[in-house]
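Quick caveat: nothing in here was measured; it's all calculated off a predicted structure.
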Amino acid sequence: MTVEKETHNYETIIKLSGAIDTPVAQAFMDAVEACRKDSPKKITFDFKDVPYISSSGLGVILRAKKIGNEIGSGVVLRHLSETVRNTMEMVGFIPLFEIED
C-alpha cells in the first residue's frame with residue numbers, strides 16, 4: 001500500500017493504493033494523525049486504487065472521523081470499490097461519512 005497526502009484550499013486529500021490491512025495500517029494512521037496539525041476543513045480519502053480494507057484499516061477510518069470531529073473537519077470517502085463499499089456497509093460506516101463517487 002502507498003499513501004500520498006496533498007493539501008489544496010483547506011482540503012487534505014489522502015490517496016491510498018493497494019490493500020489496507022494490518023501490516024500497512026500504521027502508515028495510514030500516520031497520514032491521518034498528520035491532519036491534526038493541518039486542520040483542514042475537509043479530509044478526503046481517495047480509495048480509487050484500494051481493492052480491500054481489513055478491520056485494521058476500518059479502525060483507522062473511524063479514528064479519522066474522531067480526529068475530524070475534534071478539529072472541525074468533514075471526512076469524505078471517495079471512489080470506493082464495490083468490495084470496500086460493501087465492507088463499510090456491513091459495519092455501518094456509510095451513514096457516518098460523506099461518500100463521493
TODO: Calculate, to the nearest 0.5 Å, the distance between atoms OG1 and CG belonging to Thr2 and Leu16 respectively.
DONE: 8.0 Å
Open item on the list: So Ile94 and Leu80, do their side chains get closer than 4.5 Å, heavy atoms only?
Closed with: yes
TODO: Any chance you could measure Glu33, atom CD, to Gln26, atom CD, to the nearest 0.5 Å?
DONE: 8.5 Å
Open item on the list: With side chain to side chain contact (heavy atoms under 4.5 Å, CB included) as the criterion, how do Cys35 and Ile14 come out once you've worked through the C-alpha distance, each side chain's angles and the decisive distance to 0.1 Å?
Closed with: CA-CA 10 Å; Cys35 290; Ile14 299 175; 4.0 Å; yes
Open item on the list: If you define the side chain from C-beta out and look only at heavy atoms, does anything of Phe93 sit under 4.5 Å from Thr87?
Closed with: no
Task: Connected via hydrophobic side-chain network under 4.5 Å: Ile67 and Val60 - done: yes
Task: Heavy-atom closest pair, residues Val50 and Val84 - done: O-CG2, 3.5 Å
Task: Nearest-0.5 Å distance, CD1 of residue Ile43 to CD1 of residue Ile71 - done: 4.5 Å
Task: Where Ser81 and Pro51 come nearest, the two heavy atoms and their spacing - done: OG-O, 4.2 Å
TODO: Report the distance from atom CG of Asn9 to atom NZ of Lys41, rounding to the nearest 0.5 Å.
DONE: 10.5 Å
- [ ] Would you name the heavy atoms of Leu96 and Leu62 that are closest together and state the gap between them?
- [x] CD1-CD1, 4.4 Å
TODO: Could you tell me which non-hydrogen atom of Asp21 sits nearest to which non-hydrogen atom of Ser54, and how far apart they are?
DONE: CA-OG, 3.2 Å
Open item on the list: Between Lys5 and Asp30, does any NZ, NE, NH1 or NH2 come within less than 4.0 Å of an OD or OE carboxylate oxygen?
Closed with: no
Open item on the list: Measuring only between side-chain heavy atoms, which start at C-beta, is Val75 closer than 4.5 Å to Phe45?
Closed with: yes
Task: CD-CG distance between Glu100 and Leu77, expressed to the nearest 0.5 angstrom - done: 9.0 Å
Task: Same cluster (ILVMFWY, side-chain, under 4.5 Å), Ile61 and Val91 - done: yes
Task: Lys48 to Asp46 - nearest heavy-atom pair and separation - done: N-OD1, 2.9 Å
Open item on the list: Starting from Leu58, can I reach Val3 by hopping between I/L/V/M/F/W/Y residues whose side chains sit under 4.5 Å apart?
Closed with: yes
Open item on the list: Looking at every non-hydrogen atom in both residues, tell me the closest pair between Asp101 and His79 and how far apart they are.
Closed with: C-CD2, 3.5 Å
Open item on the list: Taking atom CD as the centre, does Glu70 end up with more than 12 heavy-atom neighbours from other residues, nucleotides or ligands that are less than 6.0 angstrom away?
Closed with: yes
- [ ] In sequence, state the C-alpha distance, the side-chain angles, and the governing distance for Ile53 and Met88, and then conclude on side chain to side chain contact (heavy atoms under 4.5 Å, CB included).
- [x] CA-CA 9 Å; Ile53 188 166; Met88 290 193 181; 4.2 Å; yes
- [ ] To the nearest 0.5 angstrom, please state how far the CZ atom of Phe47 sits from the CD1 atom of Ile99.
- [x] 8.5 Å
